[in-house]
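Along the sequence shown, residues are numbered consecutively beginning with 1.
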Amino acid sequence: MLRSFKTEINPTPEQKEKINRTIGTCRYIYNFYLAHNRELHEMGERFLTGKDFSVWLNNEFLPGHPECGWIKEVSSKAVKKAMEDGCTAFTRFFKHQSGFPKFKKKDTSDAKMYFVRNNPRDCACERHRVSIPTLGWVRLKEKGYLPTSKDGWRIRSGTVSRRAGRYYVAVLVDVPDAKAANSGNDGIGIDVGLKDLAVVSDGRVFRNINKSARMRRLEKQLRRAQRRLSRKYENSRKGGATRKNLQKQRQKVQRLHQRIANIRTDYINKTVTEMVRTKPSYVAVEDLNVSGMMKNRHLAKAVASQKFYEFRTKLKAKCGENGIEFRLVDKWYPSSKRCHCCGRIRKDLRLSDRVYKCECGYVEDRDLNASLNLRDAKAYEVVV
């Protein structure tokens with residue numbers, strides 16, 4: 001069984017310089033791969049896969065361009081991973097699963113430094129540090145979070161990323177496949193929404209963290225920081241703001257974005273843990289059409305800030321770890337419009353109706369009624 005862990009690291013100045021150089025090289029190789037295939041397409045030649053591009057780069061391009069020898073100075077595994085990522089992006093585009101691959105920009109892209117376990121000495125982990133190939137031992141800011149080598153858990157691979165001036169390591173670990181015994185408790189249904197993040201069929205309600213005073217204060221600071229950054233861009237075109245001031249203001253905006261994202265992710269982690277703590281026999285959620293909801297310009301921001309996909313992914317992973325059946329109910333199932341008491345469907349139910357009232361006399365909160373219907377749904381797909 002594989003599990004992923006991500007935590008912040010505290011590299012030395014020399015290690016930071018090597019990480020930045022590797023990430024920059026990976027970004028350059030990724031963009032070079034996209035541009036080269038675009039040129040081949042315009043000339044009517046054959047598309048190059050990641051493996052073919054690696055052969056062409058090492059045997060034809062680099063020998064004739066000695067000024068690009070700095071590509072060889074970083075980890076070859078990280079460079080090859082950048083080519084594979086570019087090939088994956090093109091493959092998804094050819095299968096109509098995503099748009100045309102975009103070039104990665106400096107300081108705003110998600111380029112990472114990839115590493116893999118090559119021998120038993122690589123990727124060792126202790127309580128306060130982790131061994132990363134080409135970097136050596138790197139200190140951890142959160143001690144005791146990553147599984148150590150003494151526990152018999154082995155790190156397969158990982159990535160080092162940089163965001164808002166901070167550095168993080170994410171590792172993929174082989175863990176013992178020991179699932180907890182099912183307690184035989186009743187299952188639960190979970191209805192997610194915009195008013196509250198989730199309403200559970202047993203009556204528990206997990207509020208919307210984005211409506212808290214702390215989040216409103218941070219979003220207000222973010223709006224002001226973004227306006228300052230926009231003004232600096234305008235002044236730089238007129239010769240006013242310097243590049244250094246632009247970078248400082250950009251990093252302030254990035255830090256605020258990161259803090260808001262961390263608060264949302266932390267709340268989702270705590271919510272998922274609280275839901276699974278009672279060891280229900282199964283968990284049923286609705287397969288929401290998030291992409292369709294995002295097309296509503298009045299609700300797009302609220303839908304994006306709730307992180308529905310991240311919530312479902314983490315809930316599914318948590319159920320798999322604890323041996324809980326994870327059920328996915330079809331998105332067209334009328335969980336909100338169906339009466340849990342008599343089964344009648346109200347076709348005139350509006351989004352503004354927060355209390356469900358049926359002709360049979362049944363009165364219940366709209367979201368709680370939906371979660372009860374999801375719990376008792378007969379048509380579903382077992383994902384875990």
Leu374 to Ala284 - nearest heavy-atom pair and separation = O-CB, 3.4 Å
Do any N or O atoms from the side chain of Ser281 and from the backbone of Gly187 form a donor-acceptor pair under 3.5 angstrom?
-> yes
To the nearest 0.5 Å, atom NZ of Lys18 lies from atom OG1 of Thr134 at 6.0 Å
Judged by atom type as modelled, is there a donor-acceptor pair below 3.5 Å linking the side chain of Asn37 to the main-chain atoms of Leu48?
-> yes
So does Lys104 have more than 12 non-hydrogen atoms from other groups sitting under 6.0 Å from NZ?
-> yes
Might you work through the side chain to side chain contact (heavy atoms under 4.5 Å, CB included) test for Val329 and Ser335, ending with a clear yes or no?
-> CA-CA 9 Å; Val329 183; Ser335 58; over 6 Å; no
Side-chain donor or acceptor of Ser54 paired with backbone N/O of Lys51 under 3.5 Å = no
May I ask you to test the Phe93-Pro101 pair for a side-chain heavy-atom distance under 4.5 Å?
-> yes
Kindly determine whether Trp137 and Glu126 satisfy side chain to side chain contact (heavy atoms under 4.5 Å, CB included), including the steps that lead there.
-> CA-CA 10 Å; Trp137 288 102; Glu126 297 180 0; 3.8 Å; yes
More than 12 non-hydrogen atoms from neighbouring residues, nucleotides or ligands closer than 6.0 Å to CZ on Arg250, yes or no?
-> yes
Can I get a per-line list of side-chain donor-acceptor pairs under 3.5 Å for residues 350-362, giving both atom names and the distance, sequence neighbours left out?
unit_1 : atom_1 : unit_2 : atom_2 : d
Asp353 : OD2    : Arg350 : N      : 3.1
Arg354 : NH1    : Leu351 : O      : 3.1
Arg354 : NH2    : Asp367 : OD1    : 3.3
Arg354 : NH2    : Asp367 : OD2    : 3.1
Tyr356 : OH     : Lys337 : O      : 2.8
Tyr356 : OH     : Cys339 : N      : 3.1
Tyr356 : OH     : Arg344 : O      : 3.3

Phe100 versus Arg38: any side-chain heavy-atom pair under 4.5 Å?
-> yes
Ignoring hydrogens and geometry, is there a side-chain-to-backbone donor-acceptor pair from Thr313 to Tyr309 under 3.5 Å?
-> yes
From the list Lys314, Gln306, Arg312, side-chain hydrogen bond (donor to acceptor under 3.5 Å, both in side chains) with Glu310 holds only for Lys314
How about Lys141: does its NZ atom have over 12 heavy atoms from other parts shown lying under 6.0 Å from it?
-> yes
Mind running side chain to side chain contact (heavy atoms under 4.5 Å, CB included) on Leu57 and His36 for me, showing each step along the way?
-> CA-CA 11 Å; Leu57 181 71; His36 185 67; over 6 Å; no
Is there a side-chain contact between Val171 and Cys123 (heavy atoms, below 4.5 Å)?
-> no
Nearest 0.5 Å please: distance from the CG atom of Leu135 over to the CE atom of Met113.
-> 4.0 Å
Heavy-atom closest pair (Val79 atom, Cys26 atom, distance to 0.1 Å) is N-SG, 4.2 Å
So Phe47 and Tyr33, would you call those rings parallel, tilted or perpendicular, with 30° and 60° as cut-offs?
-> perpendicular
In plain terms, say whether Glu219 and Arg264 are close enough for a salt bridge, that is, a side-chain N and a carboxylate O under 4.0 Å apart.
-> yes
If you group Ile, Leu, Val, Met, Phe, Trp and Tyr by side-chain heavy-atom gaps below 4.5 Å, do Val276 and Val285 land in one group?
-> yes
Would you sort out whether Phe32 and Phe53 count as a ring-ring contact (aromatic ring centres under 6.0 Å, His included), showing the intermediate values?
-> CA-CA 10 Å; Phe32 189 19; Phe53 179 79; 5.6 Å; yes
Compare every heavy atom of Tyr267 with every heavy atom of Arg207, then report the nearest pair and how far apart it is.
-> O-OH, 2.8 Å
Scan side-chain atoms only and decide if Asn20 and Tyr167 contain a donor-acceptor pair under the 3.5 Å cut-off.
-> yes
Check whether any side-chain heavy atom of His340 lies under 4.5 Å from a side-chain heavy atom of Glu364, and answer yes or no.
-> no
Of the non-hydrogen atoms in Gly343 and Arg338, which two are nearest, and what is the gap between them?
-> O-NH1, 3.6 Å
Go through Tyr114 and Glu84 one step at a time and tell me if the side chain to side chain contact (heavy atoms under 4.5 Å, CB included) criterion holds.
-> CA-CA 11 Å; Tyr114 175 79; Glu84 293 175 3; over 6 Å; no
Closest contact, heavy atoms only, Pro63 versus Asn58 | CD-O, 3.4 Å
What class does the angle between the rings of His65 and Phe61 fall in, given that below 30° is parallel, 30 to 60° is tilted and above 60° is perpendicular?
-> parallel
Determine whether the side chains of Ser291 and Asn289 contain a donor N or O and an acceptor N or O closer than 3.5 Å.
-> yes
Spacing of OG1 belonging to Thr265 relative to CD1 belonging to Ile209, to within rounding of 0.5 Å | 11.5 Å
Is Glu17 paired with Arg21 through a side-chain N to carboxylate O contact shorter than 4.0 Å?
-> yes
So do Lys195 and Arg366 actually touch side chain to side chain, heavy atoms under 4.5 Å?
-> no
Tell me, do Glu321 and Arg3 make a side-chain contact under 4.5 Å, heavy atoms counted?
-> yes
Is a salt bridge present between Glu234 and Arg231, judged by a nitrogen-to-oxygen distance below 4.0 Å?
-> no
Establish, yes or no, whether the cationic atom of Lys6 lies under 6.0 Å from the six-membered ring centre of Tyr168 and within 45° of the ring axis.
-> yes
May I ask whether Val160 and Tyr28 are part of the same hydrophobic cluster, defined by side-chain heavy atoms of I, L, V, M, F, W, Y residues being less than 4.5 angstrom apart, directly or through others?
-> no
Would you find a donor on one side and an acceptor on the other, under 3.5 Å apart, between the side chain of Asp365 and the backbone of Leu368?
-> yes
Would you say Gln15 and Arg139 make side-chain contact, with heavy atoms under 4.5 Å?
-> no
Side-chain donor or acceptor of Asn208 paired with backbone N/O of Leu194 under 3.5 Å | yes
Would you give the length of the straight line joining atom NZ of Lys95 to atom CZ of Phe90, rounded to the nearest 0.5 angstrom?
-> 15.0 Å
Is the shortest heavy-atom distance from the side chain of Arg255 to the side chain of Arg259 under 4.5 Å?
-> no
When clusters are formed by joining ILVMFWY residues with side-chain heavy atoms under 4.5 Å apart, either directly or through shared neighbours, do Phe326 and Tyr380 land in the same one?
-> no
Of all the heavy-atom pairs spanning Gly189 and Arg375, show the shortest one and how long it is.
-> N-CB, 3.6 Å
Is it true that Val192 and Val272 fall in one hydrophobic cluster, defined by side-chain heavy atoms closer than 4.5 Å?
-> yes
How long is the gap from CG on Asn210 to CD1 on Ile263, to the nearest 0.5 Å?
-> 10.0 Å
Under a 4.5 Å side-chain heavy-atom rule over Ile, Leu, Val, Met, Phe, Trp and Tyr, are Tyr333 and Val290 clustered together?
-> no
Find the distance between CG (Asp287) and CZ (Phe308) and round it off to the nearest 0.5 Å.
-> 13.0 Å
Over 12 foreign heavy atoms within 6.0 Å of CZ, Arg204 = yes
Are more than 12 heavy atoms from other residues, nucleotides or ligands located less than 6.0 Å from atom OH of Tyr145?
-> yes
